[in-house]
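Structure, as C-alpha cells:
Predicted model only: the values in this text are computed from it and were never measured. Chain letters run A, B, ... following the sequence lines, proteins first, then strands; residues in each count from 1.
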Amino acid sequence: ESGNRISRKAVILGSQHILLGGRSTILPECVVRGDLHRPSSASASGSAAASVNIGRYNFLEKGVVIRPPSKIYKGSLVYYPLKIGNYVSIGANSIIEAAAIGSYVSIGSNCVVGKFAILKDCVLVLDGTVIPPTACIPPFSVVAGNPATVVDELPESSAEVFERRARQIHTLHGASLTSTSIEEVKQSVFDDDVDEEFDVA
Amino acid sequence: MIATRYPLLRIHCPCAEPITDGPDTEVDALTTSGSPDTGLDTTTNLELPPTLDNPFALHALNSLYFCDFCLVLRCERCVVEEVVQTYCPACLHVYSADTTAGGNEPSRVTRKGRSDDATFCTRNCLQCPLCFTSLTTFATTSSEGSEALATVYLQCSHCSWDSRHKGRSLIFSKHTSLYQQVRKLSAQSVIDDESETHDTPATTFAELSQFYQQLYDSFEAEEAESDTSAPPSPLFSKRASRSLETIRFLKSHYSKQGGSSSAPSPAITPSSVLGVLGRAGGVSNQKTREHAEKEKERCVSYIDEKAEIEEVTRMRGMTSLDETPTLSQQRANPFVRPTTSSDLLPLPTRLRTRRAKRCRACRHILVRPDVSSRKVSTSSSASGSAAGSASTVATAFRINLLSKNYIPTLRLTYLPVTSPAPSSSPYQAGFIPHITYSFALTLFNPLYEPIKVTLASPPRTPKHGHSITFLTPSFEIGANIEDDWDLQAITSLRRKFADLKISSTSNISASSESARGGPNLGILDRGRNWTSVIFEIVPANERSSEIEVPLFVSFAYEAEVEKDFGSGGRSGESGDSGLFDKQQREVAFWSVLKIGRVIA
C-alpha cells in the first residue's frame, strides 16, 4: 500500500500527470492542477511528463493550491513542471506555484509561493509569507513577510526534526482524523518541546 | 522563539555561568560531584545554577550540540564557528575561497583585489532597493537591430521597481558582471557628492584603523622608555589614574573646536587629534590653539554652501513621502547613502556561509558540513528520493553531533485524575492551587547502550514554591536498537501506553495512601528505549505564577571505546587485551520544565 491519503473532497485535475510519493496526505478542499502541463512532444514513451511531482510523507493541509508555474514563451503560454521533495508540510490555504521545493520544508498557512521560486532543503516558511516570483530561498533559512526575507537560521538538526514531524503527522492523522489534534501535535512536534498528548484515544 | 504554549522544556547550558576560580570552570560543575546512588536524595548536594532562569541560558533541545569528548552540552553561544563555504543565497554560486588540499577543509576566504568583494556576489545578483527581493534582468534589443543585446535593465518582480525610471536611469551596457557596473556607479555618485574627502565607509575605516595603529605603536614606544624620561603626555600615560586627566584634556580640546563642528565627520579627523594630543603632551598651549584654529578653518571650508541650499530647496519641493527612502532602505546600500528615492541603486547581494562548529573547550568538531559539490540539478531529477537532489549548495553534514542523539529526550504527559479526561487540559486552562496534578515524564534514550538515569529537583520551585515530588528518582532505560523497528510497533506501543495511562490513574489514587516499596515504584511504563515515570505537582497559592520545574537529569552508561594504540587517550589502562575498552561515562544537565500557569 502506498499509504497516500487523498481526500475525496480535494480537487485533483489531470491525475495522470501527478506523481505522489508514498504516505502523503492531501486534505479536503485542496486543488492540485496536474492538467496544466507542458504539451507532450511526440516521444515514444507513452505516459506524459509529470507536471506535479510530490514526494513522500508530505502533508497538504486544507485548501492548498498546487499549480505548476507558467511563462509566456514566444507568444504562447507554457507550463513548467513543479517538484516538491519529501517530508514537506504545507499549511492551510497556501498557494504554491514554485518551480521546485526541496525536502524537509515546512510552509505555513496562507502563504503564497510565487512562480518559478526555488525553495531548497530545510526551509521554514512562516504563516502569511509571500515569496516573490523567481526567488531562491537557501537552505536552513526561516523566511517571513511580504516580500519574503530571511529572518532567522535553522539549527542543523532541522532535517531530522522535520522528518520526524512529517512521520508523526502521518501516523497521527492516520490514527485519528480530527484536525485539532493534528494542529496541536504539529505545533508541539515542531518546537520539539515536551509533547502534551502523544496519542489521542 | 518565545512560546507561551505549555508545556515547554528548556535545557540549561552552563556556559553562561560566571567563571569562578578553581578546577572545572568550563564543565558543568555538577558533574564533578559523585555519581548519585539509587534512592539517595541528591537534592541536598546540588545547587541550582544561578543562571537557571536567564532566558539566554535556556535552549530548546534541537538547537544544542553535544561534545563527545567533554561529555557536555554546547549551545550556540559556547561554540566556535569557522567558515567552511561561502555562497550567494540568490544564485547559489559557491565562492570557493582559497581551498587547501581537499575541498572539505575549512578555508580562509582570500581577498583578491578589494577586501569587500568577498562579501558580495560578484555575478549578476542584485537586490531591489525598495523591497530587497532579487531583481530580474531584461534585455531590450536596440532599435538599429544589431544582433547583440544592446541594453539591459533590471526589474523587481514584487514591487515593480524598474531601474530605468527615476532621475538616474540605470541602463547597463552588458548583461554580465552587473555587480561591477553598479559598483562603478556608486563610486561615481560618491565622488559627485563629496567634494574633497571621499568619505565612503571604507576610507573612513581605513583612516581610523591607521590612526589607532599609530596610537598603539607610539604607546608601545612610550612603554619602552623609562618612567621619568619625558613629561607625561595625558594620552599615553601609563597609570590608570591619569585617565581622568586624559578625559579632561580631551574634553577641553573638543570644546575648542566646538563652534564649527556642526558639519559632519571631518571636523575632527584622526590626523588632527593625533597631531594635537600626541607628541606635544599638552604642554604648549599656544601650539594647540594654533592647530585648533587651522582645523576650524578647514571645517568651515568643508561645508559646501551651494550643495546645502540645493538640498533644502529639493526638500521644500517634495510632494510625497515616497521620495525619501526609509531608514532601512538607506542603510541597505553598503557603498552609498542615498537621500532621495531616485538615488536608490540596486543592492549587491550579501553572501551567506556554511560554518563548522567546534567545542570551545576541547576544539573537537561538533558540526562539519559536507561541501563536496554534487552537480545534480533539482528540476530534472527523477522521483524525489532523499535530500540528495541538491545543486551545489547541499545540506549534508559530515559530522553533526546533535544533542538529541546523545542525551535523553523528555516528554511530558498530563495524567488526568478523573477517568474521562477533562475537556480542556490544564495546560491551557490553568492549574488550580493545592490540587495534586500527576504527570508522566517519558525519557527516550537515543544511545545504543542502556543508561541509568537519575532525576533530581528541589522539593519546592525556587520562585513560587510549588511543590514537586518524584516518585522514582533513578531508573534505567533500555538501549535504542533499531533492529525490527517499524511503524506498526511504534503505534502499538503507543496504544498500549494509552491504555495503561487510563488504568494507571486508578493505580495512582489507590496507592497514594498505601505503603510504598520496591525500586520500580513510580515507573509508569517502559518501552524498548524509553521509560515513563510519575511526578506530581502541587501548585502553591500564587495567582498567575508560572510553574517552572528545575530538573536535574544525570545519566550514566558504559561506552565501548576503541583503544588507541600508541596515542594513549582516555580509553582506559593499557595492557588490556581486546580491541574495546569499557568506559564509564556520566553526563548531566539542568533543564527547566515550564508546565503552565496557576489560576486561582
Side-chain angles (χ1 to χ4, degrees), chain A residues 19 21 50 53-56 80-81 83-87 99-100 102-104 114-115 118 120-122 130-141 146-150 152-161 167 170-171 174-175 187-188 191-201, chain B residues 1 3 5-10 60-65 76 87 89-92 131-134 136 156-159 352 357 367 369 378-379 381 383-387 389-391 393-395 397 400 402-404 409-414 425 427 442 487 490-491 494-495 497-498 502 593:
Chain A
L19 273 178
N53 197 330
I54 301 180
R56 299 177 327 211
Y80 289 79
K83 180 171 160 40
I84 301 182
N86 305 320
Y87 309 105
S103 302
Y104 312 101
K115 293 191 200 313
I118 298 179
K120 308 299 290 183
D121 301 335
C122 296
V130 174
I131 298 181
T134 68
C136 180
I137 312 287
F140 295 108
S141 17
N146 178 356
T149 44
V150 177
D152 202 356
E153 233 190 314
L154 287 176
E156 287 77 1
S157 56
S158 308
E160 295 189 25
V161 169
R167 287 181 189 267
H170 178 81
T171 316
Q187 185 62 33
S188 64
D191 287 357
D192 207 5
D193 295 327
V194 184
D195 280 343
E196 179 193 344
E197 299 287 334
F198 202 55
D199 202 0
V200 178
Chain B
M1 265 194 287
R5 279 197 66 255
Y6 295 111
L8 210 59
L9 170 75
R10 288 287 177 253
L61 178 64
N62 282 327
S63 53
L64 289 171
Y65 313 102
E76 54 251 339
Y87 65 94
C91 60
L92 297 179
C131 64
F132 310 117
T133 55
S134 299
T136 34
C156 173
S157 47
H158 189 266
C159 67
R352 282 183 59 165
K357 306 201 172 149
V367 172
T378 326
S379 53
S381 59
S383 66
S385 50
S389 59
S391 59
V393 179
T395 56
F397 292 96
N400 203 1
L402 303 168
S403 60
K404 72 183 182 78
T409 307
L410 278 77
R411 189 160 290 152
L412 197 66
T413 316
Y414 171 60
S425 71
Y427 296 122
T442 315
L487 223 49
I490 299 177
T491 43
R494 283 194 211 131
R495 237 172 260 128
F497 172 56
I502 296 173
L593 284 170

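In this structure the side chain of A:K115 never reaches within 4.5 angstrom of the side chain of A:Y80, judged on heavy atoms. Two residues are said to be in side-chain contact when any heavy atoms from C-beta on lie closer than 4.5 Å; B:L9 and B:R411 fail this criterion.
With a threshold of 4.5 angstrom between heavy atoms, B:S134 does not approach chain A through any atom at all. Neither the backbone nor the side chain of A:D152 comes within contact range of chain B; no heavy atom of the residue lies under 4.5 Å from a heavy atom of that chain.
Listed options A:P132, A:C136, A:P147 were ranked by heavy-atom pairs under 4.5 angstrom with chain B; first place goes to A:P147. Contact tally against chain B (heavy-atom pairs below 4.5 Å) for A:P138, A:C122, A:P155: the top residue is A:P138.
For B:Y87 and A:F140, the distance between ring centers is not under 6.0 angstrom.
No side-chain donor from either of B:E76 and B:Y65 sits under 3.5 Å from a side-chain acceptor of the other.
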